[in-house]
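The structure appears below as structure tokens.
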Amino acid sequence: MRINCPCCGERSLEEFTYLGDARKTRPAGDAAADVWVDYVYLRENPGGRHSEFWYHGSGCQSWLVVERDMTTHAIFGVKFARDAAIAAVVHTS
Amino acid sequence: MAKSPQSGTDRYSIFTVLREALRGHTGWRPAWREATPKPRYDVIIVGGGGHGLATAYYLARRHGITNVAVVEKGWLGSGNIGRNTTIIRSNYMLPGNEPFYEHSMKLWEGLEQDINYNAMVSQRGIINLCHSDAQRDAYARRGNAMRLHGVDSVLLDAAGVKLHLPMLDFTNARFPIVGGLMQPRAGTVRHDAVAWGYARAADRLGVDIIQNCEVTGIRREAGRVVGLETARGFIGANRVGLACAGHSSRVAEMADLRLPIESHALQAFVTEGIKPFIDTVVTFGAGHFYISQSDKGGLVFGGDIDGYNSYAQRGNLPTVEDVCEGGMALMPQIGRLRLLRSWGGIMDMSMDGSPIIDRTPVDGLFLNAGWCYGGFKATPASGDCFAHLIATGQPHKVATAFRLDRFASGRVIDEKGMGAQPNLH
Amino acid sequence: MTQLFRVPNGGLIDRETAVQFAFDGKSYQGYAGDTLASALLANGVRLVGRSFKYHRPRGILSAGAEEPNALCELRGGARREPNTRMTTAEIFDGLCANSQNRYPSLNFDLLAVISLAGPVFSAGFYYKTFMWPASFWEKLYEPMIRRAAGLGRAAPAPDPDTYEKATAFCDVLVIGAGAAGIAAALAAAHTGARVILCEEDFVAGGRLHADRRQINGYAASQWADTALADLCALPNVTLMVRTAVVAVYDGGTYAALQRVSDHLITPLPHQPRQRLWRIVAKHTVLAAGAIERPLVFGGNDKPGVMLAGSVRTYINRFAVRPGTRAVVFANNDDAARTVADLAESGITVVAFIDPRPAASEFLRASLATSRVPLITGVVDHASGFSKLSAVHVRTENGKLETLSCDLLAMSGGFMPNIHLTTHLGGKPVWQGDVAAFVPGTLPPTMLVAGAATGEGGLAAGIAQGARAGADAAHSAGFVPVQFPAAITVLCTDDDALGFAPLWHVDGRGKAFIDFQNDVTATDVKLAAVEGFRSVEHLKRYTTLGMATDQGKTANVNGLALMAEITERTIAQTGTTRFRPPYAPVAIGALAGHHRGAHFRATRLTPTHAWATGQGAVFTDAGQWKRAQYFPAAAETDWLDATIREVRSVRASVGICDVTTLGKIDIQGADAAEFLEHVYTNSWKNLAIGRARYGLMLREDGFVLDDGTTARLSDDRYIMTTTTANAARVFQHLEFCRQVLWSGYDVHLISATEAWAQIAVAGPRAREVLRKLIDPAYDISNEAFPYMAAGEVTLCGGVMGRLFRLSFSGELAYEIAVPARFGQALAEALMAAGDEFSITPYGLEALAVMRIEKGHAAGAELNGTTTAHDLGLAKLLSRKKDFVGRVMAERPALTDAARPGLVGFRPLDTTARVRGGAQFLPPTADATAANAQGHVTSAAFSPHLGQWIGLGLLTNGATRHGEVLRAYDPVRGNDTQVEIVPPVFYDVQGTRLHG
Amino acid sequence: MANPQSAPSLAAVSAVAALTAPAPHGNIGVAISEIVPSIVSLAARAGHQADLAAAIAASAGATLPPPGHISHSADLSFLGVAPGRWFVIAPPAPPALLEFTLRQALGAYATLTDQTDGRAVLRINGPAAVATLAKLVPLDLHPSVFGAGRVAQTIASHINIMIWRNGAGQSFDIAVFRGFALSFAESLIASAAEFGVSFTPNLEGPAP
Ligand SMILES: Cc1cc2nc3c(=O)[nH]c(=O)nc-3n(C[C@H](O)[C@H](O)[C@H](O)COP(=O)(O)OP(=O)(O)OC[C@H]3O[C@@H](n4cnc5c(N)ncnc54)[C@H](O)[C@@H]3O)c2cc1C
Ligand SMILES: NC(=O)c1ccc[n+]([C@@H]2O[C@H](COP(=O)([O-])OP(=O)(O)OC[C@H]3O[C@@H](n4cnc5c(N)ncnc54)[C@H](O)[C@@H]3O)[C@@H](O)[C@H]2O)c1
Ligand SMILES: Cc1cc2nc3c(=O)[nH]c(=O)nc-3n(C[C@H](O)[C@H](O)[C@H](O)COP(=O)(O)O)c2cc1C
Ligand SMILES: [Zn+2]
């Protein structure tokens, strides 16, 4: 698998580490307990497109959000997680 | 308790084999009938893997519930039961796990006679290697916990390891071997035979095994299960047990459930067949590598999961290299042996690395999942405990910790201490 | 006389270079350019192996990677290589090979008696018996089965050769250098694309060298040479022979195995035996040709029964006569070429046996030219003891006719070599008109050309190749250009296939489908009877296709027979899944350079060389090598050294390299705010020039790591992490910075390696440092108290950082200098401390002192402990949001009954307790129900003169004074211990303030 | 109190001091040498990207390159390694001098950390440099892709590295974390051995 890092270009899997589901946003400190349980423990795990955090640890050390198909491994897009995070904040506020 | 599954001419023994040899093997019955779905069953088990088939068998055998169907989307045994590296062991550390896996080990020990099928349960022992004093202490902790549960465990020093495994690299290793934890009763089992043996035994007790029957929906009325939509039509049942391993999330989603599970690919490898080379199972944690030899002669080995979510039953090259590097580091004699085949399976990686055998918020819907890369060894106990839960509504006494709500409560069973990150377990 | 079966002229062998080799101890001669198989055939050797289960005598079936029979142990000693295909092994002077899986010899194999009991040893036999008594399985049955199973033997010693891995990039990768592949490479290369052409064989050209074909008036072999020469002249083309592409991975990544030195007796100096290439290709053309299928009839496995196309390969490419009297049996016209080539090379062709009712014009014409009779019918069975002596033909009118012969060339049609099209999950589809599985969905950037498409024909193959090569280059961004002439004008001799299926002849004797695994037509029938009708069940029940050749010649025949028996079409029946690798790959090659000491990189501290000089014994801490202890001359074990080191530190002063602790330089206007989120305790009020202990949780509320962080200036902090967690913590902090709190002005830089950091501990520590730190800096207790931190210069202006931290409980500092000075600093400290008998100390002594002080470390920070467990609950701030705050409050994590940190000491002061022992009530049974916790760390305390330790004990904080058992059965220990507070030394902490 | 005059000055030691150089043989396809440039990491403070760029233009006369590219001023090279992050490389100098200088020039706009001692840098020169690096570096080093002025961070032989091309020829510099330097140099020399390799340590050692 090769991930096209928006900073470094296309690189092989071994440069990256995987974290998981990127659709989640960290709840506010005062959110209800079950919201936190959901955030920490429950996962989307779909058969198709999955949005996920990857860390380019052997490259630019950026956290990325990769849109990838869990069944075919096809990658649809890669962006900086920082931008995704900012976009999410803008979107919800 | 139902009667012994097979009797008379259908029994497997050297005599029936001889008889059939003489008449050209025309008298055998199919190992299991090709059942077509009935309109309804008392219990439907989704997933014709090891756990699903064992569950059906124990439902019939121990609880007398025989109006049972196992529905399988592909061919029986096409999931992880048909692609795992066949290691069985009960060398767990935490009290939530250990009694369960030991129960499984005991069931393995009597399995073949029970189901009248030679699954080649081979108690050849397992050795987990350690490379530092701290690791040795951690193994001692585990070995002591096992002893407290009445389970065999032996702490070996380097010389002790060498006695069993002279081919390991004791002289030039990057991570020198200081010892290991051995469980002599651990070993391997011929994986496909487990599926076939349980299927045959369940079939003989009246269970319908329905292949090529993908579940596409879980029909509910007023919050309780009434049956399943499948590729072969609707099938009714008030009790449904999910034993879908790597696909658990997708099936649970049909009942609007989200699970504390990610699906990950684990690869495995086999070499060309060679004459006996290694007599026990060895795991080399520092190198992400473990190995045993199949009775056919192939070295069967594996390592870490690929590390990203996947349903693809295959992995990528970095893991292949990583595993083979581990192999060469551990036993440089295998350099000229050839990798014959590599494949992958989809692991139901849970958030604490331990399984779930529990009810779900949907009435009548039961869940058996979260086996990670270690559910093969659990097959008999998982079937027994899941059957117990479905039949009685109560958790089996060796599986009380495998609750779904443990993530909310914090009573996680985290052997490795990696937290809610499945790819690290 | 040698090489009696060599044709006098022709072939791609070098008759000038004779090569001596040995098989089963007997010497033979061959020529450079031979494979072991061709050289053995040239010497008339027919019996070369024994089958897996029945130990049947076997000969050479094919001329390529699909070979199921002709396997040997190649070379000897540590270079012994079992299961090597003679058909692909190049010979070299001194080659030595042995047959395998036979006892005592190839000609006289006692185990062949198994063949007599064949009916009992049917498929699935094992599952039905060997069950009684249960205990006999491991002791008797299994060892017996295992000894009989397996083929060759592994080498007896570590592989003496080396391996390499390398990465290559190209626009177009062409797999297979036959007619189609050469055309593809030429077409792609002419657009300017970077092309890699991989060929498994040691000679490029594929069937162009194996068949006597014509292209544009040239002999095909000559056309190939010219085209390849053209290719090699282009700077943008790399031709790699002896290189098989073995696997396809995501993202256009391919694994290819280059056999760099397998044709040499040993690799040249500095050369690997093999090299694994990871090829990253924008686009790919698969032109891997096709594999011929055997026909299934009784005795089809006798030495002397060969694939018709391979017979041509031996004749044309190797100038070898594989027999003297031949029969050809085929259900297609391609085998007519075999008749012609046999006749031409002086082999008598007795007949062409053809099951098809009507022969094509092409076939008639070719047979007429060679004057070979056509018999419409089938071979009912073949006979002969250890090699073929006759075939028994059932003619169309039902008569059985015996034809004596020593060679049967058979062809059951062709199987396109589509292996690599399936690795990413593509499912082959059955194409009835060519009776073959052809590629289904392809990997995203792959095209297929030539015989691999299932559509035969040389001209068509070249045209397809050229088109695919051009298309691939175009997709990779290159502008189409006109094809070079060699692949534009195309004129070849006739192509004809005219295939009609014949899956099985129901005749006499064992009819083999999978030669290597001894799977017969009867086994397939048995599987069907027992319900193993899915092809995947068929495979697993009978082992069809599971041998070293992965059923390259067997699978289609097996599943076609299953389809016939179960009255399904082949399309409905389907094929089993192909899996990487395409051909078996040495594990050594997949590991490359990473074995032995180079398995993983070694990370060395700046004082490594110095510590080595001090006689240090090192231990692994992740990838780091750290000094474990420094044995002195008279000391016999680690404990002596450790006790001395601890005593020296506690009495005077010692030094220890602590560079490995993670150091993270945190800068920015929001640095403090950031720390508030990642640590549980508060940071904003930390003064410049001060350090503080910090605790970090995971989001699930369990402890992730701990360490100290110092504030160097208004907006700059230096954080330390534990050695073990340095990388994970850094990654976690970057996640917090980039994702969770992405608006902050804060930057993280790992500075672990930039600074050599040495702990100077003990009552004389200040005096030692005072000698090195430049006088401008006041390091008196008042000016630089416990937990002070700051920049200093030392040794006359060398910049440094000084931290007053103490893990040992003594007056202690950590002094950091740029890494290049690390070794000199250690030396300077030793010199400055000489008057105090300064001592270097290692991890063991460090551990003793931290246990005496009750500091948690790896064994306690094990990922399952909470702040409460470690007695650190007071560090959980209630005033802010930090990672893990909410989940840490779950009742199960704060439950007082959880195992909490305690200290303990054995009642018997001579007793030793070790990590991993379990706590039990003193009189309770040793059962799990009574277990109450465990010993996490233990050490001999020189201060107390006995073993002590830390543990995690249920309700630990309330149980000081209780006596428990520390139960350690795996080491044969069972000791009574008193539970005490987890601080054994200087409870008031006065020493570290001293 | 000790006499400051008697304080020993500290000697610098190379990260690959322990390397045994290969015995020279035949042609030298690859010449490997250790170099000791000053290295400082540079990042823009939040909201000050433009100020930083302007300050660099004013003080060093260079433009800050995008990731993967290098720009030069008279003495300095700026290596773009991540969004908003660069490594500044300069000729050998005493520790912290480069950081100090840059801090004076860039002050409030930049985050600076000296990395000189954190890395060891090896220079790989010669006709077989690319063939050698193919065994270690999983990047396409073809001049059309990784020509003059290109830099990348990647992983080689399990070790994180930063690699850049020197000029337009067959010359590359590779920076590794100091603790890995010996391991990496050994792999590099082993990979180059078949082409003929020489190794030149930095005899003066790093600047004191
Ligand atoms: C490479 C590898 C190595 C392993 N090694 C070991 C080992 O050495 N020891 C060990 O203990 N464990 C090992 N495991 C783990 C073990 O194989 C699994 O945990 C265990 O097999 C899971 O239970 P199962 O057998 O019921 O799963 P499966 O066999 O996967 O059964 C689940 C079944 O559910 C079916 N299914 C899914 N969705 C549907 C649907 N919608 N409708 C109908 N049916 C459906 C699937 O087709 C599948 O057949 C390994 C796994 C792999 C992949
Ligand atoms: N219908 C048919 O299938 C059929 C039947 C008989 C003959 N033919 C003839 O076969 C020839 C076809 O030419 P072609 O170029 O397609 O095939 P080819 O067999 O000439 O060449 C294929 C080449 O690919 C190589 N190869 C295979 N797998 C490889 C791998 N994984 N890695 C590297 N190399 C690999 C082989 O060693 C071989 O040299 C024509 O002459 C055609 O007439 C075709
Ligand atoms: C224990 C074990 C041993 C195996 N031995 C062989 C073998 O000798 N030959 C072979 O071709 N495959 C062998 N396999 C692999 C299977 O062929 C197959 O790849 C695996 O069961 C996964 O199925 P799939 O490849 O069809 O997805 C083995 C698998 C396992 C689990
Ligand atoms: Zn990147």
Side-chain angles (χ1 to χ4, degrees), chain C residues 164-169 194 268-271 275 278 280 593-594 598 600-606 608-609 623-624 659 665 667-670 743-747 749-756 770-772 774-775 794-799 817-825 828 831-832, chain D residues 1-2 4-15 17-18 25 36 41 43 45-48 85 95-96 111-119 131 134-142 144-145 157-159 177-184 186-187 190-191 193-195 205-208:
Chain C
E164 273 179 8
K165 296 196 258 196
T167 315
F169 294 80
R194 287 156 71 199
L268 298 173
H270 307 299
Q271 289 278 352
R275 188 178 289 133
R278 316 169 182 106
V280 180
H593 168 72
H594 298 289
H598 287 285
R600 290 291 175 261
T602 304
R603 209 171 173 186
L604 301 178
T605 67
H608 189 83
Q623 287 177 309
W624 291 103
T659 302
D665 189 344
Q667 297 184 50
D670 300 317
Y744 286 167
D745 176 35
V746 57
H747 284 275
I749 295 282
S750 168
T752 305
E753 305 251 16
W755 297 88
R770 187 63 275 172
K771 293 195 198 171
L772 301 190
D774 291 341
L794 62 159
C795 301
V798 173
M799 60 179 283
V817 291
R820 74 185 78 169
F821 301 123
Q823 173 162 342
L825 175 63
Chain D
M1 181 130 161
Q5 254 38 60
S6 74
S9 177
L10 299 180
V13 175
S14 151
H25 75 96
V36 285
S41 77
R45 286 277 163 105
H48 290 293
R85 246 183 57 214
T111 297
L112 297 157
T113 303
D114 199 301
Q115 296 281 324
T116 308
D117 285 70
R119 318 268 168 152
K135 302 182 195 178
L136 295 166
V137 180
L139 296 180
D140 190 352
L141 298 180
H142 192 270
S144 65
V145 180
S157 211
H158 302 311
I159 297 169
F177 280 117
R178 183 185 167 99
F180 288 115
L182 191 62
S183 231
F184 184 78
E186 284 170 1
S187 297
S191 301
E194 67 167 305
F195 309 109

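Keep in mind the model is a prediction, meaning the values are calculated, not measured. The chains referred to below are lettered A, B, ... by the order of the sequence lines, with proteins before strands, and numbering in each begins at 1.
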Fill in the blank from the handout: Closest non-hydrogen contact found for Pro95(D) with Phe821(C) is CG-CE1, 3.7 Å

Exercise for the section: Spell out, as yes or no, whether a donor-acceptor pair under 3.5 Å connects the side chain of Gln271(C) to the backbone of Glu194(D). Expected result: no

Exercise for the section: Using a cut-off of under 4.5 Å on heavy-atom pairs, state which of Gln823(C), Glu753(C), Gln667(C), Gln623(C) scores highest against chain D. Expected result: Glu753(C)

Completion exercise
Answer key: most heavy-atom pairs under 4.5 Å with chain D among Arg275(C), Glu164(C), His598(C) is Glu164(C)

Problem - Between His593(C) and Ser157(D): side-chain donor-acceptor atoms closer than 3.5 Å - result: no

Completion exercise
Turns out that what part of Ser41(D) lies under 4.5 Å from chain C's heavy atoms comes down to side chain

Exercise for the section: Using a 4.5 Å cut-off on heavy atoms from C-beta on, say whether the side chain of Thr659(C) contacts that of Arg178(D). Expected result: no

Handout entry: Portion of Arg194(C) that has a non-hydrogen atom of chain D nearer than 4.5 angstrom
Key = side chain

Problem - Check: Arg820(C) main-chain N/O paired with Asp117(D) side-chain donor or acceptor under 3.5 Å - result: yes

Fill in the blank from the handout: CD1 (Ile159(D)) and CZ (Arg600(C)) are apart, to the nearest 0.5 Å, by 11.0 Å

Handout entry: Interchain contact, Ala601(C) with chain D, by part (heavy-atom threshold 4.5 Å)
Key = both

Handout entry: Proximal component of Ala18(D), with respect to chain C [non-hydrogen, under 4.5 Å]
Key = neither

Problem - Interface moiety of Arg119(D) toward chain C, non-hydrogen atoms closer than 4.5 Å - result: neither

Exercise for the section: Mind ranking Gly118(D), Ser191(D), Gly179(D), Ala46(D) by heavy-atom pairs under 4.5 Å with chain C and telling me who comes out on top? Expected result: Gly179(D)

Problem - Selection from Arg603(C), His608(C), Lys165(C) maximising heavy-atom pairs under 4.5 Å formed with chain D - result: Arg603(C)

Completion exercise
Turns out that what part of Leu141(D) lies under 4.5 Å from chain C's heavy atoms comes down to neither

Practice task
Check each atom of Ile749(C) against the heavy atoms of chain D and say whether the ones under 4.5 Å are side chain, backbone, both or neither.
Solution key: side chain

Practice task
Could you tell me whether a side-chain N or O of Ser183(D) sits under 3.5 Å from a main-chain N or O of Thr602(C), the two making a donor and an acceptor?
Solution key: yes

Handout entry: Euclidean distance, Thr111(D) OG1 relative to Asp665(C) CG, rounded to 0.5 Å
Key = 9.0 Å

Problem - Contact summary for Ala193(D) and His270(C), nearest pair of heavy atoms - result: CB-ND1, 3.4 Å

